[in-house]
Protein chains: 4
Amino acid sequence: MPYHFQPGKMYRMPTHFGPRTGPRQGADGRKFENKDTPKTTTIAVSFLTNGDQLEALLPERFELTGEPIVTVEASYLTEIEWLAGRGYNILGVSFPATFHGKQDRVTGSFLTVLWENLTDPIITGREELGFAKVYCELPEPVVLRGETHVTASWMGFKFLDVKVNNLRQLSAAETERLALAQTGDGILHYKYMPRTGEWGAADMTYATLTPAATPHRVVKERWVGDGSVQFHIARWEDMPTQYNIVNTFYDLEIKEIRGASVTKTVGGKDLSDQRILR
Amino acid sequence: MPYHFQPGKMYRMPTHFGPRTGPRQGADGRKFENKDTPKTTTIAVSFLTNGDQLEALLPERFELTGEPIVTVEASYLTEIEWLAGRGYNILGVSFPATFHGKQDRVTGSFLTVLWENLTDPIITGREELGFAKVYCELPEPVVLRGETHVTASWMGFKFLDVKVNNLRQLSAAETERLALAQTGDGILHYKYMPRTGEWGAADMTYATLTPAATPHRVVKERWVGDGSVQFHIARWEDMPTQYNIVNTFYDLEIKEIRGASVTKTVGGKDLSDQRILR
Amino acid sequence: MPYHFQPGKMYRMPTHFGPRTGPRQGADGRKFENKDTPKTTTIAVSFLTNGDQLEALLPERFELTGEPIVTVEASYLTEIEWLAGRGYNILGVSFPATFHGKQDRVTGSFLTVLWENLTDPIITGREELGFAKVYCELPEPVVLRGETHVTASWMGFKFLDVKVNNLRQLSAAETERLALAQTGDGILHYKYMPRTGEWGAADMTYATLTPAATPHRVVKERWVGDGSVQFHIARWEDMPTQYNIVNTFYDLEIKEIRGASVTKTVGGKDLSDQRILR
Amino acid sequence: MPYHFQPGKMYRMPTHFGPRTGPRQGADGRKFENKDTPKTTTIAVSFLTNGDQLEALLPERFELTGEPIVTVEASYLTEIEWLAGRGYNILGVSFPATFHGKQDRVTGSFLTVLWENLTDPIITGREELGFAKVYCELPEPVVLRGETHVTASWMGFKFLDVKVNNLRQLSAAETERLALAQTGDGILHYKYMPRTGEWGAADMTYATLTPAATPHRVVKERWVGDGSVQFHIARWEDMPTQYNIVNTFYDLEIKEIRGASVTKTVGGKDLSDQRILR
């Protein structure tokens, strides 16, 4: 007798072995509170670029908002409860944009791509949330004589160097003010799932939102300083599944660096408040 | 100005950087012929189990066909053209089943799960084809004194040992006969994509088929012999995203080994003939 | 014209490319101060065992000192200056012993083996210092619901689990007292280098000492609690170069756990004070 | 009671757990025949350079012999019996030289450095044999549209590209002639072990020889064609333990490519015939 899906339970492929556990569904259907964990170190550098270059990266109904500032942000996570205490690393590229839907009008950070170095969250993030996650290698940052150096590669081809230096630690008061600063409505995504056999058609496309509110996230320490971002041009042979992503960033004009920081936080959320924008 | 999707081109997330290259779409829109490459070594062991245990793994409209024989099959691929000449490894667990649709009635090998050790084909396989691919580590087989030993692990937890030994090479005539043997209509899958924010609901579900015909695949050499399969029980802490997959296989009764083999092939196909079953 | 060795410079194989850089010799002959870096997190568990079992592990002129207490200690290092800011991880097993030489009589911690997950320090440590370093995989500890879990494996075979829990942070005063506590004369080693072609003979053997004084090492935080140590029995097939090391530890009776801790330190030394014991 | 060394048994650090197993000593003291295994694929490219540049790499009593031709050779080994059936990869750079000792006068291939991607054979090779082995990452070659591409990197920094193409398979007769061709007396090495605490002094230095005879090695297939070698310049920050090795090769003039090949062999030897040159 075939199995039936259990109502209210979350599934991903393979669906044949019962509900699939992940960030939003634990072994016994339990939720993960994301309080005190995970522990995250984030290295971010922003730069001013051409608005035209960014607008060309926006799907329909999205528009660039405010100054054309791109943020490249690498985060190194440990003690992730849904991974039973393991960690992984992520690298995102985003800029401010507004979604104009029939019902929704939201402004936030448009996440063009999020590299991660572990497949399991890539799958859940793409399919459940609509995050544009792909894989790369993200080794621990190298810290030498006051400079923190982030690298990212794909099967040995290094496509990114990010460096921050001249760091100055913020006071507790400065850090607190910063944690309260509003960063818009949240993170904007564009979900797309292809249709099998009808190549070029989609099963489904829609914009999604990660609402900004994350009450369990606490900023513990923050440093600000100088930084740099350098993407490296890739041939199809170097990155046959991602070369045009990297080359688009390589082509972005860097007019001016607009801030570099290192931030340590604890806590987060399970993103079960992710929703479709209409 | 936002971008528009190019008609007839294949996309996956992120869609913002142009059509995404992959197994069925090269850098210039070219196709990959899969002739003479990839080169594949496959180690397979089959065993007789309880039909009841297998039926519980079938979605609606599928039924077990013939004897309840499970095949565990690890393949090690090199010279993959769409990866610009790189390789990766895969591990599947399947058994014979029939799909009874409104239009289609096909019999083949039901692929319950396919582990792979590289994220890029996992994403394309899940989203474009409906393969139930997940990640694991698949190191090269260990070959010692006539025994070939396959292992699979997830973040360091070894969940499978497969061994084959007492191998005898088939003659060219035997190998050729075997290559011509009909193995049904192809490989059966069940595609499922969750809907963001409506947890427990799906954007889309359907069965898909990988048709059997693969004219460019050539069997070069084949050995047959004895073998064994052992899955290892996993706690949620060991494999927080996959423990119930592995434990389902651990629980399968192994009544009798039904064949073990090592096969070397060249060539394949791009699976652009994958289709939805209705 | 052949090259000549530069006087006063340190060499290792290959000697043909000039002095070899490493922990005690930088690019321009510079020294590394090891002040403020590296940053180290150490997880340690000690247990009482049989003195007879430990005495069998001592070379001539060494004897067991005090209670037969074995310490298993895993350290995770980052920001290592001689590696240009990279990190690596180490795992040692030691117990208290005294060396009775013709000139020297020193008491300290006898380091039976030190696993490391990077080859470069393994080579320098063995050849320059006489540390009994060998390789293993040492992934970052897993931290879940108050328990820190250390694992070690060799080519996929997990040979050790160490767990610490019920941790209580020491006060600043307690931590300081502890940093000042005398731990003997230092770390004791037994260096052995085989002679090529005269199999079973040695080019050179001698005991060496890492003196205890490390003025630049600062203990920043320390937690104490409960813990456990479990080595896993290995076949030659599992660890063909190390099975008898692991099995010796597996065979040690664990009479009682004698302390578990997590310690965060900064700073160290370049070990250029390492010396031969006579 | 302290342990004593067992006469006639081979030891390496740590010596406390009994004789250490390795390529020349199995679990029960057994020898490894190296017949039919390992299986090896070797990719080699040679080039003509300046004799002066090579002479500067020779220790005392060595001299360059014949034309100044450097060979860069990457081998990918599987089914290694002393590793219980596992494999690893190696990369050597050598040129022809003669050793003029008091007793010995031998001509062969001077192996300046041998990178390997596994620590265990690096340790045995350095200490027992005097091979100048160091660590690097050596992923499987990439094979695309008739070109085989070898890369080598250290902690993510790619320092070498070797490519071979336009390959033509030799006939069985040609392959056999080639296997019989005399390549000199063997492989020449210079062993050096530093003395602890007397920085700059050595415990022992001597030249060693790997005699050419390897009766169990059988050449199965060979292709010859065109090729290229490119080392990449490294900063201390990129390869803090090896930058001057790589930069020496980067600086070598490549006057002319002198042959490129791919060779598949089975069998080898345990190198227990390695001997000191006097």
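Each chain gets a letter, A, B and so on, in the order the sequences are listed, and its residues count up from 1. Below, all heavy atoms of this structure are taken into account, side chains as well, without hydrogens, waters or symmetry copies.
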Next on the checklist: Could you check whether Glu147(D) pairs with Arg145(D) (Lys NZ or Arg NE/NH1/NH2 to Asp/Glu carboxylate O, under 4.0 Å)?
Outcome noted: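 No, this pair does not count.
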
Checklist entry - Does the pair Phe47(A) and Arg258(A) meet the rule for a side-chain contact (heavy atoms from CB on, under 4.5 Å), with working shown? => result CA-CA 5 Å; Phe47(A) 61 88; Arg258(A) 286 289 184 91; 5.8 Å; no

Checklist entry - Any salt bridge (Lys or Arg N to Asp or Glu O under 4.0 Å) pairs touching residues 159-168 of chain A, not counting sequence neighbours? => result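 Non-adjacent pairs meeting salt bridge (Lys or Arg N to Asp or Glu O under 4.0 Å): Lys158(A)-Asp161(A), Arg168(A)-Glu174(A).
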
Item to check | Residue pairs fulfilling salt bridge (Lys or Arg N to Asp or Glu O under 4.0 Å) with at least one residue in residues 126-136 of chain D, sequence neighbours excluded | outcome: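 Only Arg126(C)-Glu127(D), Glu127(C)-Arg126(D), Arg12(D)-Glu128(D), Arg24(D)-Glu128(D), Glu116(D)-Lys133(D) qualify under salt bridge (Lys or Arg N to Asp or Glu O under 4.0 Å).
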
Item to check | Note, Pro38(A) side chain near Val266(A) side chain (heavy atom, < 4.5 Å) | outcome: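 A side-chain contact under 4.5 Å is absent here.
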
Got a donor-acceptor contact below 3.5 angstrom from the [X] side chain to the [Y] backbone?
X: Thr175(A); Y: Glu221(A); value: no
X: Thr71(D); Y: Ser94(D); value: no
X: Glu73(A); Y: Thr42(A); value: no

Item to check | residues 76-90 of chain D: residues contacting chain A (heavy atom under 4.5 Å, by number) | outcome: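 Residues qualifying by a heavy atom under 4.5 Å from chain A are absent, so none.
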
Checklist entry - Among residues 231-244 of chain D, which residues come closer than 4.5 Å to chain A, judged by heavy atom distances? => result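 Trp236(D), Glu237(D) fall under the 4.5 Å cut-off.
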
Next on the checklist: Out of the candidates Ile122(D), Leu91(D), Leu160(D), only one should pair with Trp115(D) under the side-chain contact (heavy atoms from CB on, under 4.5 Å) rule; please name it.
Outcome noted: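 It is Leu91(D), the one option of Ile122(D), Leu91(D), Leu160(D) that forms the side-chain contact (heavy atoms from CB on, under 4.5 Å) with Trp115(D).
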
